[in-house]
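The structure under discussion appears below in the form of structure tokens.
All values below were derived from every heavy atom in this structure, side-chain atoms included, with hydrogens, water molecules and symmetry-related copies excluded.
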Amino acid sequence: MHLRRCAACGHIGCCDDSLARHASAHWRETGHPIIRSFEPGEDWFWNFETNQYYDGPDLAPPQHHPKDQPVPGPKGHVPKDWADQLSNR
């Protein structure tokens, strides 16, 4: 699982490899098509409307989740069988 940040409002959601696909669900609910990776060391943007990478704006900090935060996370709040749940969807 990886986190994505909405470039319009800052909403943080899971990528489309997650069960709920929070980032793309946010786009469908709000019409905010541009997301940025919220992972350490990644600075790319994606446009859900065009299904292509996008040259996005500089966003206010933070640029990623804390490096010591596990993904998926936060620690202790993820089902122990999360990987099995994904493989069975």
Side-chain angles (χ1 to χ4, degrees):
M1 265 22 86
H2 295 123
L3 297 178
R4 308 296 182 232
R5 178 183 180 189
C6 176
C9 70
H11 175 270
I12 305 294
C14 297
C15 68
D16 278 357
D17 287 336
S18 73
L19 292 173
R21 300 176 176 163
H22 292 110
S24 59
H26 174 74
W27 160 58
R28 286 189 296 280
E29 292 168 8
T30 65
H32 300 164
I34 309 296
I35 58 165
R36 183 186 183 275
S37 174
F38 200 60
E39 295 298 316
E42 297 182 2
D43 61 0
W44 54 264
F45 288 80
W46 184 258
N47 184 331
F48 282 115
E49 288 181 344
T50 65
N51 210 29
Q52 295 180 342
Y53 287 100
Y54 181 80
D55 290 329
D58 289 333
L59 301 180
Q63 300 300 319
H64 54 79
H65 65 77
K67 291 182 180 183
D68 62 350
Q69 176 183 314
V71 176
K75 188 176 182 178
H77 295 276
V78 177
K80 291 181 182 181
D81 67 341
W82 68 269
D84 291 334
Q85 288 185 37
L86 288 176
S87 65
N88 293 326
R89 64 177 179 153

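- The two residues His64 and Pro40 make their nearest non-hydrogen contact at CB-N, 3.5 Å.
- Shortest non-hydrogen contact noted between Phe45 and Ala7 is CE2-CB, 4.2 Å.
- In this structure, the side chains of Ile35 and Trp27 stay at 4.5 Å or more apart for every pair of heavy atoms.
- In terms of heavy-atom proximity, Gly31 sits nearest to Pro33 at O-CD, 2.9 Å.
- Not counting sequence neighbours, the partners of Pro62 by the side chain to side chain contact (heavy atoms under 4.5 Å, CB included) test are Phe38.
- For His11, the side chain to side chain contact (heavy atoms under 4.5 Å, CB included) partners at least two apart in sequence or on another chain are Cys6, Cys9, His26.
- Listed here is the closest heavy atom pair of Ala20 and Ala25: O-CB, 4.4 Å.
- In this structure, the side chain of Arg4 does not engage the main chain of His22 through any donor-acceptor pair within 3.5 Å.
- A donor-acceptor pair under 3.5 Å links the side-chain atoms of Glu39 to the main chain of Leu3, judged by distance alone.
- Counting heavy atoms from C-beta on, the side chains of Asn51 and Trp46 come closer than 4.5 Å.
- In the hydrophobic clustering of ILVMFWY residues, with side-chain heavy atoms under 4.5 Å counting as a link, Leu59 and Ile34 come out together.
- A heavy-atom distance below 4.5 Å is not found between the side chains of Asp43 and Ser37.
- Between Ala23 and Phe48 the shortest heavy-atom distance is O-CE1, 3.9 Å.
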